[in-house]
Amino acid sequence: MKKLTGRKKTKTAVFISGTGSNLKNLIKFSKIKNSPISIDLIISDTNKATGLKYAKQFDIKKKIFNFNNVKINESKILTIIKKKKIKFICLAGFMKILSKSFLKKFDGKIINIHPSLLPKYKGLNTHERAIKNKDKFAGCTVHYVTSKLDSGRIILQKKIKVSKRDNPKTLAKKVLKQEYKLYRAAIIKIF
Ligand code: GRF
């Protein structure tokens with residue numbers, strides 16, 4: 001990633017599928033004077049993503065693509081990304097797999113947050129698995145996105161203790177709190 005010079009923020013798109021609390025965190029972060037990014041586009045694969053409300057709240061353009069036809073949707077996304085001069089993408093609870101050709105175009109410029117200490121627990125239900133396995137530690141990871149699920153180079157990781165009283169829900173809450181800090185720190189690290 002090119003070092004940021006001057007005060008110009010890198011135009012960024014955030015992809016979501018759900019509640020978008022990480023999106024909200026990134027928007028708030030982007031508004032800090034020294035933040036290297038501005039959030040200029042929100043993309044979702046479903047109009048049911050409640051996080052889409054932040055588009056209106058923060059006056060950011062949003063687009064919904066159902067991804068039934070990945071190729072067509074990705075080419076539409078590329079068009080709008082080009083139009084809006086987006087140079088960086090953050091995935092935040094985005095549940096669709098992007099194609100190899102799409103990812104190639106954003107090599108080193110697309111990152112994701114995952115609620116586990118990767119490479120442990122790729123995919124879904126990370127907290128359930130951690131509790132079931134009686135793990136002593138859990139956490140979250142920010143990593144580059146490649147065509148292999150949750151496998152790109154790790155940028156930063158945060159480890160937290162799992163308490164004996166934790167269940168998947170309480171653990172998710174604890175980890176999510178750390179996700180907000182980690183996502184900011186990871187972006188600062190790579191710019
Ligand atoms: C987060 O735990 C994120 O790490 C995972 O999905 C969750 C999304 O939460 N990929 P939110 O939509 O950002 O609130």
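Each ligand, and each atom within it, is numbered from 1 in the order the structure gives. Keep in mind that what you see is a predicted model, and the values were worked out from it rather than measured.
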Nearest protein heavy atom to atom 5 (C) of ligand 1, by residue and atom, and its distance?
Pro115 CD, 3.8 Å
Pair Lys84 + Asp40, salt bridge at N-O below 4.0 Å:
no
Hey, are the side chains of Tyr144 and Ile111 touching, using non-hydrogen atoms and a 4.5 Å cut-off?
yes
Does the pair Lys122 and Ser151 meet the rule for a side chain to side chain donor-acceptor pair (under 3.5 Å), with working shown?
CA-CA 8 Å; Lys122 294 174 185 175; Ser151 298; 3.2 Å; yes
Counting only N and O atoms by type, is there a donor-acceptor contact under 3.5 Å from the side chain of Lys189 to the main-chain atoms of Ile155?
yes
Are Ser147 and Phe102 close enough that some pair of their side-chain heavy atoms sits under 4.5 Å apart?
no
Nearest-contact summary for atom 14 (O) of ligand 1 - protein heavy atom, Å
Ser21 OG, 2.5 Å
Closest approach of any protein heavy atom to atom 6 (O) of ligand 1, naming residue and atom
Gly93 CA, 3.6 Å
Nearest protein heavy atom with distance in Å, relative to atom 10 (N) of ligand 1
Ile113 O, 3.4 Å
Looking only at protein heavy atoms, which one is nearest to atom 4 (O) of ligand 1, and how far off is it?
Glu179 OE1, 2.7 Å
Identity and separation of the nearest protein heavy atom to atom 13 (O) of ligand 1:
Asn22 N, 2.9 Å
Within the 4.0 Å heavy-atom shell around Leu176, which atoms of ligand 1 are there?
1 (C), 2 (O)
Please work out whether any backbone atom (N, CA, C, O) or any side-chain heavy atom from C-beta onward of Ile16 is under 4.0 Å from ligand 1, and answer side chain, backbone, both or neither.
neither
Quick one: does Lys9's side chain have a donor or acceptor within less than 3.5 Å of a partner on Ser30's backbone?
yes
Closer than 3.5 angstrom, by distance alone: can the side chain of Asn66 be matched with the main-chain N or O of Asn68 as a donor-acceptor pair?
yes
Would you say ligand 1 has an N or O under 3.5 Å from any N or O of Gly20?
yes
